[in-house]
Amino acid sequence: MRDPVKTAAPQPSRRSFLRCATGLCFVVPLFRNGLLGQPAITSADAAAPWFADVARRSGLAAFHDTCGTPAKDYLVETVGSGVALFDYNNDGLLDVFMVNGSTLQILKDPSLPPTSGRLFRNNGDGTFTDVTKASGLVNQGWGMGVAVGDYDNDGHRDVFITNYGQNRLFHNNGNGTFTDVTLEAGLAGGNWSTGCGWGDYDRDGRLDLYVSRYVDFNPTNIPPPGTYNYCLYQGVPVACGPRGLPGLADLLYHNEGNGKFREVSAEAGVRDTDKAYGFTVVWCDFDNDGWPDAFVANDSMPNYLWHNKHNGTFEEIGMEAGCAVSGDGRPQSSMGVAVGDYDNDGWMDLLVTTFSEDYKTLFHNARGQFDDVSYAAGLGTATYSQLGWGAGFVDFDNDGWPDIFLANGHIYPQADKGSNHYMQHNQLFRNLRDGRFALLGDAESGFGAAWSSRGAAWGDLRNDGAIDVVVNNIDQVPFVYSPLRRTGNWTRAKLTGTKSNRDAIGARVRVTTGKLTQTAEVRAGESYLSTCDSRLHFGLGDATNVDKLEIRWPNGQTEIHEHLAANREHEFVEKS
């Protein structure tokens, strides 16, 4: 999070800012039927809610997040945890893992019952059963992030969890149980890790792991709320940090095979010498060269974009590429990351969530160079008061154009004493297919309850072609947003690698229907400290079949499939 003080008023885009530097600056207002840069929606669009919260009906309300004390006097008590949606038992249904936090008192006193994340098995009828104890997926620590990937290519997806404390790797045994293999694998890490993501950066067929880290945090050395200017929010004493506290360098682990990993950040050129306050990390091929790059959202410091040099090393190009800071040159308090091709031009764009009193930043990818288009897209004013976390480009109405979901919630309960609110509504923006988005009201989205949300993950929990969203809420039960509206046609691609990594993480799929081509990529780690459904979902609108589906596997091999039926999942196995 940023220095807890109010930022300057909204600024023009990066290109406008650069033009101002060369002469007189004429700012053109972006009024479009609504707020500044925020297009209005028609009454027909807002006819019925898009979602209903079914957490209690589904059984997922049996989970209740624990994250420090209600006062939130320490930074570690404010950032919350992630969510993972994945099929742990290979029955074709998405299961749910909720990462859980803890308290400093529990960590200090072994006589107190420890907290743990919870694994819920999908029963196939809209309900879930807690199988945590029987599965052995028990993370008794202060959980932060989660990334799911089959690191040993045995056909069963494994789970890595970051913690405040030792990280954990749980090997999926293939019989419904997991074994903690952290020490044998060499992935314990330490101190305070946050984001994590699996990606095969050297394309050797084995998944590697990036772990971002946050603050070198020792509660005995942290000043109490209100001590310094970085311990105030609008004049109110709050938890100190991250500014003023020491950071931690990120970690990059190379998969050596045989269940072993080696930390290679220095030799790979991932030298986090600034020790930036890292949150979410996402692997993605941002420059379309066939090799995965890594984007890291850093809190209160410039973001990183690690460009893959194709030889096992990276170079940091965030500033040159235009996604390190906002369009007006400010490092933002970056937390969550959405990646997706929202305008269907074949290049993967970025949406980065930020602190309150700052807009959530939409970086449009123009052939490997990013432009801050937040206000032009209608996101500036509409996101300015919110403090954002989980984020995603998801085609909720199956019209072929990704919409935007944002999970919001302040970090300071004391925000209610200022001009903001601790509990905030989550947000849904509809893609208007012209580079702009329209914010749906709370009644239209169905996001009626306001809590302090953090991690969010999405996927088709019912295998019916409609995307659900699961949200982890600070000190509360989760939201489980289930779609209510009748939507367009759809298709889904489930990929299995043979020469590439078995999960096909890093594979890119292009789906063409008529004149529209959509692009998506398989990932394991995104949103905010979370993992979403690895199956790639595409809305088709009125189209009843897919004209062409192109796959570029992680090793560069390509294949094409034509005339595929709509409204079903298609499975593809890489040719050996």
Problem - Plane angle bin for Trp490 and His537 - parallel if under 30°, tilted between 30 and 60°, otherwise perpendicular - result: parallel
Exercise for the section: Look at the rings of Trp198 and Tyr151 and say which category their plane angle falls in: under 30° parallel, 30 to 60° tilted, over 60° perpendicular. Expected result: parallel
Do [X] side-chain atoms and [Y] backbone N/O form a donor-acceptor pair below 3.5 Å?
X	Y	result
Asn472	Gly82	yes
Asn431	Pro402	yes
Ser135	Leu137	yes

Practice task
Decide if atom CG of Asp542 counts as having more than 12 heavy atoms of other residues, nucleotides or ligands within a radius under 6.0 Å.
Solution key: no
Practice task
Might you confirm whether atom NZ of Lys499 has over 12 heavy atoms from other residues, nucleotides or ligands at distances under 6.0 Å?
Solution key: yes
Completion exercise
With sequence neighbours left out, the residues meeting ring pair (Phe, Tyr, Trp, His ring centres under 6.0 Å) with Phe86 are none
Handout entry: Contacts of His561 that satisfy ring pair (Phe, Tyr, Trp, His ring centres under 6.0 Å) - sequence neighbours left out
Key = Phe572
Exercise for the section: If a pair satisfies ring-ring contact (aromatic ring centres under 6.0 Å, His included) and one of its residues is in residues 461-480, list it, with sequence neighbours excluded. Expected result: Trp451-Phe479, Phe479-Tyr481
Problem - Test ring pair (Phe, Tyr, Trp, His ring centres under 6.0 Å) applied to Phe393 and Phe405, step by step - result: CA-CA 7 Å; Phe393 291 110; Phe405 172 82; over 10 Å; no
Exercise for the section: Only one of Lys360, Gln424, Arg454, Gln427 passes side chain to side chain donor-acceptor pair (under 3.5 Å) with Asn408; say which it is. Expected result: Gln427
Fill in the blank from the handout: Tested for side chain to side chain donor-acceptor pair (under 3.5 Å) against Tyr359, the lone hit among Thr354, Thr383, Thr381, Asp372 is Asp372
Handout entry: Stepwise side chain to side chain contact (heavy atoms under 4.5 Å, CB included) test for Val339 and Leu350
Key = CA-CA 5 Å; Val339 176; Leu350 282 166; 3.7 Å; yes
Exercise for the section: Determine whether the side chains of Ser453 and Asn473 contain a donor N or O and an acceptor N or O closer than 3.5 Å. Expected result: yes
Practice task
Kindly indicate whether a cation-pi arrangement holds for Arg203 with Trp291, taking the cut-offs as under 6.0 Å to the six-membered ring centre and within 45° of the axis.
Solution key: yes
Practice task
Compare all side-chain heavy atoms of Asp200 with those of Trp283 and state whether any distance is below 4.5 angstrom.
Solution key: no
Practice task
Would you check if Phe363 and Val352 make a side-chain contact, meaning some heavy-atom pair closer than 4.5 Å?
Solution key: yes
Problem - Trace of the side chain to side chain contact (heavy atoms under 4.5 Å, CB included) decision for Leu495 with Arg535 - result: CA-CA 7 Å; Leu495 308 185; Arg535 302 172 299 178; over 6 Å; no
Problem - Pair Phe128 and Phe63, ring centroids less than 6.0 Å apart - result: no
